[in-house]
Undergrad: 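First the structure, then my questions, so here it is.
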Amino acid sequence: MLEIALSSDAPWPGQGPGYDWEALALRAATAAIERTPHGELLTSAATVEISIRLASDDEVHTLNKQYRQKDKPTNVLSFPMVQPDLLATVSQNSDDGEVLLGDIILAHGVCVAEAAERNISVEDHAMHLMVHGTLHLLGYDHIDDDEAEGMEQIERDALAALGLHDPYLITED
């Protein structure tokens, strides 16, 4: 079973009509996990938790500098808590305990600006970033071209299942 532990601060809009961030995060994470060999995490006896934080650019900037030595905010950070080679044992050997898959943190200002550039809603872009972050928690990366292509294809498939656009579609002007 997958659970989302969501926390948010200003300037992210709070809960309310159109802003059920926890439900959006659950849909995004589920769509990502379903499209990987780790889909059994969704039906495991263990509770698999992902912590999602909707943060300010300043908070993400601080974390990005501290953990990635990059002195700027970024759209999303992921901090896996389970090594990729141990993920299979989570669903195979877990009883009814809990497993924290990891943390995903989104930066509000960066997310809003990128959504505006793409002419999409902040919610849709945040869902894409949550899919992306979930894949990082599962050990996917985009450091080299082959890894990037594989990860992007899973993202495309997950976003299509969510009824969202392909963020990697190249259009001719």
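Side-chain atoms are counted along with the backbone in the values below, which use heavy atoms only and exclude waters and symmetry mates.
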Undergrad: Hey, quick one: are I4 and L138 part of the same hydrophobic cluster, counting side-chain heavy atoms closer than 4.5 Å, chains of contacts allowed?
TA: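 Hydrophobic grouping puts I4 with L138.
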
Undergrad: So, for S8 and R53, which heavy atoms are closest and what is the spacing to 0.1 Å?
TA: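 Where S8 meets R53 most closely, the heavy atoms are N-NH1, 4.0 Å.
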
Undergrad: Same cluster or not: L129 versus V110, using hydrophobic residues (I, L, V, M, F, W, Y) connected whenever any side-chain heavy atoms lie under 4.5 Å apart?
TA: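 L129 does not cluster with V110.
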
Undergrad: Would you mind reporting whether D20 and E22 have side-chain heavy atoms less than 4.5 Å apart?
TA: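 Answer yes - side chains close enough.
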
Undergrad: Start with the C-alpha distance between L162 and V131, add both sets of side-chain angles, then the distance that settles side chain to side chain contact (heavy atoms under 4.5 Å, CB included), and finish with yes or no.
TA: CA-CA 10 Å; L162 294 166; V131 165; 4.1 Å; yes

Undergrad: Within the side chain of T30, is there an N or O that forms a donor-acceptor pair under 3.5 Å with the backbone of R27?
TA: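 Not confirmed, T30 side chain does not pair with R27 backbone.
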
Undergrad: Could you tell me whether a side-chain N or O of D9 sits under 3.5 Å from a main-chain N or O of A55, the two making a donor and an acceptor?
TA: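 Here the side-chain-to-backbone pair does not exist.
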
Undergrad: Quick check for you: to the nearest 0.5 Å, what is the distance between I105 atom CD1 and L54 atom CG?
TA: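 Those atoms lie 10.5 Å apart.
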
Undergrad: L2 vs I50, test: side chain to side chain contact (heavy atoms under 4.5 Å, CB included). Steps then yes/no.
TA: CA-CA 8 Å; L2 179 63; I50 296 175; 4.0 Å; yes

Undergrad: Any idea which heavy atoms bring I104 and G133 closest together, and the distance?
TA: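 It is CD1-C, 3.6 Å.
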
Undergrad: By the side-chain hydrogen bond (donor to acceptor under 3.5 Å, both in side chains) test, which pairs, at least two apart or in different chains, include something from residues 153-163?
TA: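 Found H128-E155, H132-E155, Q153-D157, E155-Y168, R156-D166.
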
Undergrad: So which heavy atom on H108 is nearest to which on W12, and how close?
TA: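 Taking H108 first and W12 second, the nearest heavy atoms are CB-NE1, 3.2 Å.
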
Undergrad: Could you grab the distance from atom CD1 of I143 to atom CG of D141, nearest 0.5 Å is fine?
TA: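 With rounding to 0.5 Å, CD1 (I143) is 4.0 Å from CG (D141).
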
Undergrad: When rounded to the nearest 0.5 angstrom, what is the spacing between CD1 in I120 and CE in M127?
TA: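 It is 11.0 Å, given to the nearest 0.5 Å.
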
Undergrad: Got a sec, which pairs hit side-chain hydrogen bond (donor to acceptor under 3.5 Å, both in side chains) with one end in residues 70-84, sequence neighbours left out?
TA: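 Passing the test, one end in residues 70-84: H61-D71, N75-E114.
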
Undergrad: Please answer: with hydrophobic residues joined when any side-chain heavy atoms are less than 4.5 Å apart, are M1 and L137 in the same cluster?
TA: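 Result: no, two separate clusters.
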
Undergrad: Take M81 and D103 through the side chain to side chain contact (heavy atoms under 4.5 Å, CB included) test and state the conclusion after the steps.
TA: CA-CA 8 Å; M81 300 294 179; D103 301 322; 3.2 Å; yes

Undergrad: So how far is it from E147 CD to E152 CD, rounded to the nearest 0.5 Å?
TA: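 The distance works out to 11.5 Å.
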
Undergrad: Please name the pair of heavy atoms, one in L100 and one in V82, separated by the smallest distance, quoted to 0.1 Å.
TA: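 Minimum heavy-atom contact is O-CG2, 3.7 Å.
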
Undergrad: If you look at every heavy atom in C111 and H125, which pair is closest and at what distance?
TA: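 So the minimum-distance heavy-atom pair works out to O-CD2, 3.5 Å.
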
Undergrad: Starting at CD of E123, measure out to CG of L164 and round the result to the nearest 0.5 Å.
TA: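 Result: 11.0 Å between the selected atoms.
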
Undergrad: Is F79 reachable from L106 through a run of hydrophobic residues whose side-chain heavy atoms are each under 4.5 Å from the next?
TA: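 The answer is no; the residues belong to distinct hydrophobic clusters.
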
Undergrad: Starting from the C-alpha separation in whole Å, work towards a yes-or-no answer on side chain to side chain contact (heavy atoms under 4.5 Å, CB included) for L77 and Y67.
TA: CA-CA 10 Å; L77 291 171; Y67 291 100; over 6 Å; no

Undergrad: Report, as yes or no, whether the 6.0 Å neighbourhood of atom CG on N119 holds more than 12 heavy atoms from other residues, nucleotides or ligands.
TA: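 No - once you tally the heavy atoms of other residues, nucleotides and ligands closer than 6.0 Å, there are 12 at most.
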
Undergrad: Assigning hydrophobic clusters by single linkage (Ile, Leu, Val, Met, Phe, Trp, Tyr; side-chain heavy-atom cutoff under 4.5 Å), is L24 placed with V48?
TA: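 Both belong to a single hydrophobic cluster.
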
Undergrad: Would you name the heavy atoms of E3 and T47 that are closest together and state the gap between them?
TA: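 Minimum heavy-atom contact is CD-CG2, 3.5 Å.
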
Undergrad: Could you grab the distance from atom NE2 of H165 to atom CG of L159, nearest 0.5 Å is fine?
TA: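 Answer for the NE2-CG pair, H165 versus L159, is 7.0 Å.
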
Undergrad: Counting N and O atoms only, with roles assigned by atom type, does the side chain of W21 sit under 3.5 Å from a partner on the main chain of L6, one being a donor and the other an acceptor?
TA: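 Not a single qualifying donor-acceptor pair exists.
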
